[in-house]
Amino acid sequence: MAQNQNQGYQPIDESKVNWDKIEEKFGISKEVLEKTGAKDNMLNFGKSGLLDVTMLIYGQKVKAAARLQLTRLQDGSYSVLPHFVRKEQKLENAEYMGYTFTKEDAKALKETGNLGKVVPLFNMKEGTTEQCFVSLDKQTNELVHYPLSKLHLRESVGNVKFTLEEMALLKQGGMIKDKLYENDKGQKFMVDFQVNADRKNVAFVPGSSRQEVTQEQEQKAKLNWTNEDGSIKNLTKWKGIPLTEEQQKDYREGKSVKLDNYPLKDGMTATMYLMFYPDKGQPFASKNDPMQGKVVAPANESETQVAVNHQGKTNEATKKVDEPLQKGQVAPKNEKQQNEQKPEGEKKEQKEEKKQKRGPKL
């Protein structure tokens with residue numbers, strides 16, 4: 001679902017796909033794949049929807065329904081791997097790559113399409129065991145898996161942004177229930193999210209309620225962050241950062257709260273501002289102070305410190321300061337550093353003035 005969000009991601013080079021050979025072998029043209037949207041999914045390492053394919057078996061043309069996926073050959077080109085519709089299989093006590101499904105596992109796979117946890121699977125080809133997500137492709141009744149080590153979890157889906165606690169639960173295979181999702185048309189739905197092995201990322205849970213929500217349901221969803229009387233619920237921490245009593249009070253009053261050492265994706269930290277947004281019904285953190293309407297950190301305070309101290313960049317106000325910048329420092333902090341910023345000619349003039357004031361050495 002979000003593999004193309006990963007840094008450095010590149011889709012499959014279309015020139016390496018022999019579309020004519022695929023049409024000859026499976027009876028489905030490139031034009032049909034384009035029209036159904038299957039081609040884009042396949043070039044982005046996904047599968048098509050169910051398609052009718054025609055194959056020649058023992059001299060006879062055989063039609064079947066299958067989902068198509070591109071697979072890389074030894075010469076670097078790509079062919080098609082078909083995933084045919086299978087009979088509904090008995091999952092309870094069934095073994096899959098060294099793991100035996102329990103009664104609860106079978107129920108979860110049938111109801112949600114996902115196992116709901118990561119389990120150790122044995123890769124016979126590699127001779128290794130790895131923690132994986134397992135899902136059931138409900139279109140083909142095929143079991144699929146995806147290694148936890150390869151997961152690059154999305155932080156948000158549309159308007160739904162996951163907290164650190166929710167992301168940790170998703171990485172364990174858990175489900176995030178009853179999230180208020182709004183599509184591009186402004187329609188709002190109550191949906192559940194879970195990592196899906198077939199989609200290789202977080203996705204809507206198949207079968208979860210997607211009916212357009214009423215105002216009453218929307219209000220209920222917002223109660224996760226508000227009290228029944230509409231007041232803002234107390235928040236003791238955000239992204240693992242504890243809030244002081246004063247910050248908690250400001251947050252409850254709808255004010256912005258300054259958070260130092262806010263964790264960024266690259267392992268660095270910055271200054272961010274947390275505030276409850278009544279129109280969204282939940283809190284968000286941003287680089288801008290919503291109460292002031294001006295850009296602050298990390299583009300100002302922390303980013304300057306990180307850029308100068310760790311990334312070898314310069315800041316006009318501190319470019320000649322030899323010492324590492326302190327937290328939040330964006331300008332010279334004392335007279336010594338102020339003098340370091342001055343042009344060489346001005347520095348020489350200052351030295352001459354000091355000599356004249358001191359007078360000649362005796």
Side-chain angles (χ1 to χ4, degrees), residues 1 3 22 25-28 32-33 36-38 41-42 44-58 60-71 79-125 129-148 150-151 170 172-177 189-211:
M1 179 172 177
Q3 190 173 351
I22 290 173
K25 189 173 181 180
F26 296 100
I28 191 162
V32 170
L33 294 174
T36 60
N41 287 339
M42 293 164 66
N44 283 283
F45 303 93
K47 299 176 186 176
S48 71
L50 277 180
L51 297 170
D52 290 326
V53 298
T54 304
M55 298 171 295
L56 196 63
I57 301 178
Y58 298 116
Q60 298 291 323
K61 286 187 176 181
V62 178
K63 289 186 177 181
R67 297 184 70 189
L68 305 181
Q69 182 178 23
L70 291 174
T71 181
S79 183
V80 156
L81 174 67
H83 297 266
F84 297 105
V85 176
R86 306 180 181 193
K87 291 182 179 180
E88 187 174 347
Q89 54 186 312
K90 183 178 180 296
L91 296 172
E92 187 177 343
N93 297 322
E95 186 176 309
Y96 179 71
M97 297 181 66
Y99 178 81
T100 303
F101 296 121
T102 65
K103 182 179 180 179
E104 291 73 20
D105 293 337
K107 182 180 178 183
L109 286 167
K110 288 181 179 179
E111 290 183 354
T112 67
N114 304 312
L115 188 59
K117 59 185 177 182
V118 290
V119 294
L121 298 183
F122 179 70
N123 186 326
M124 188 176 294
K125 184 178 179 180
T129 299
E130 191 169 11
Q131 294 290 325
C132 296
F133 299 93
V134 180
S135 298
L136 178 68
D137 185 339
K138 291 194 172 185
Q139 295 186 67
T140 63
N141 292 319
E142 179 186 19
L143 287 168
V144 292
H145 67 278
Y146 191 68
L148 172 62
K150 292 184 179 181
L151 179 70
L170 289 168
Q172 295 169 13
M175 186 187 302
I176 306 300
K177 297 180 68 66
F189 304 87
M190 297 300 296
V191 297
D192 302 337
F193 290 96
Q194 200 169 28
V195 170
N196 182 277
D198 187 41
R199 303 297 294 274
K200 301 180 178 64
N201 218 295
V202 62
F204 297 122
V205 175
S208 66
S209 173
R210 297 198 195 181
Q211 287 141 5

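As the structure is a computational prediction, the values presented were derived from the model and not from experiment. The first residue in the sequence is number 1, and the count goes up from there.
Side chain of Thr36 to main chain of Leu33: a donor-acceptor pair is present (N/O by atom type, distance under 3.5 Å, no hydrogens or angles).
Under the side chain to side chain contact (heavy atoms under 4.5 Å, CB included) criterion, Val62 pairs with Ile57, not counting sequence neighbours. Under the side chain to side chain donor-acceptor pair (under 3.5 Å) criterion, Asn114 pairs with Ser135, Gln194, Asn196, not counting sequence neighbours. Looking at residues two or more places apart in sequence or on another chain, you find a side chain to side chain contact (heavy atoms under 4.5 Å, CB included) between Pro120 and Thr129, Gln131. Residues passing the side chain to side chain contact (heavy atoms under 4.5 Å, CB included) test with Leu81, sequence neighbours excluded: Gln69, Thr71, His83. For Asp137, the salt bridge (charged side-chain N to carboxylate O under 4.0 Å, His left out) partners at least two apart in sequence or on another chain are Lys47, Arg67. Remark: Asp105 pairs with Tyr99, Phe101, Thr102, Leu115, Lys117 by the side chain to side chain contact (heavy atoms under 4.5 Å, CB included) rule, at least two apart or across chains. Applying the salt bridge (charged side-chain N to carboxylate O under 4.0 Å, His left out) test to Lys107 and every residue at least two apart in sequence or in another chain returns nothing. For Lys177, the salt bridge (charged side-chain N to carboxylate O under 4.0 Å, His left out) partners two or more places apart in sequence, or in a different chain, are Asp192.
Minimum interatomic distance between Val144 and Ala197 (heavy atoms only, all atoms of both residues): O-CB, 3.7 Å. Ala66 approaches Ser48 most closely through the heavy-atom pair O-OG, 4.4 Å. The two residues Lys200 and Phe45 make their nearest non-hydrogen contact at NZ-O, 3.5 Å. In this structure, Phe133 and Leu170 approach most closely via the heavy-atom pair CE2-O, 3.7 Å. Closest of all the heavy-atom pairs between Leu151 and Asn201 is CD1-CA, 4.0 Å.
Every pair passing side chain to side chain donor-acceptor pair (under 3.5 Å) that includes a residue from residues 86-96 is listed here, sequence neighbours excluded: Tyr96-His145.
Side-chain atoms of Val80 and Lys25, non-hydrogen and from C-beta on, never get closer than 4.5 Å to each other. Proximity of Ile22 to Leu70: side-chain heavy atoms (C-beta onward) are separated by under 4.5 Å at one or more points. In this structure, the side chains of Leu91 and Leu143 come closer than 4.5 Å at one or more pairs of heavy atoms. Between Met42 and Leu68 there is a side-chain heavy-atom pair separated by less than 4.5 Å.
Of the inter-residue distances, the one linking Arg199 atom CZ with Tyr146 atom OH reads 13.0 Å to the nearest 0.5 angstrom. Between atom CD of residue Gln139 and atom CG of residue Leu50 there is a gap of 4.5 Å, rounded to the nearest 0.5 Å. The CD atom of Glu130 lies 8.0 Å from the CG atom of Asn123; values are rounded to the nearest 0.5 Å.
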Intermediate values then yes/no, side-chain contact (heavy atoms from CB on, under 4.5 Å), Met55 and Phe26
CA-CA 5 Å; Met55 298 171 295; Phe26 296 100; 3.9 Å; yes

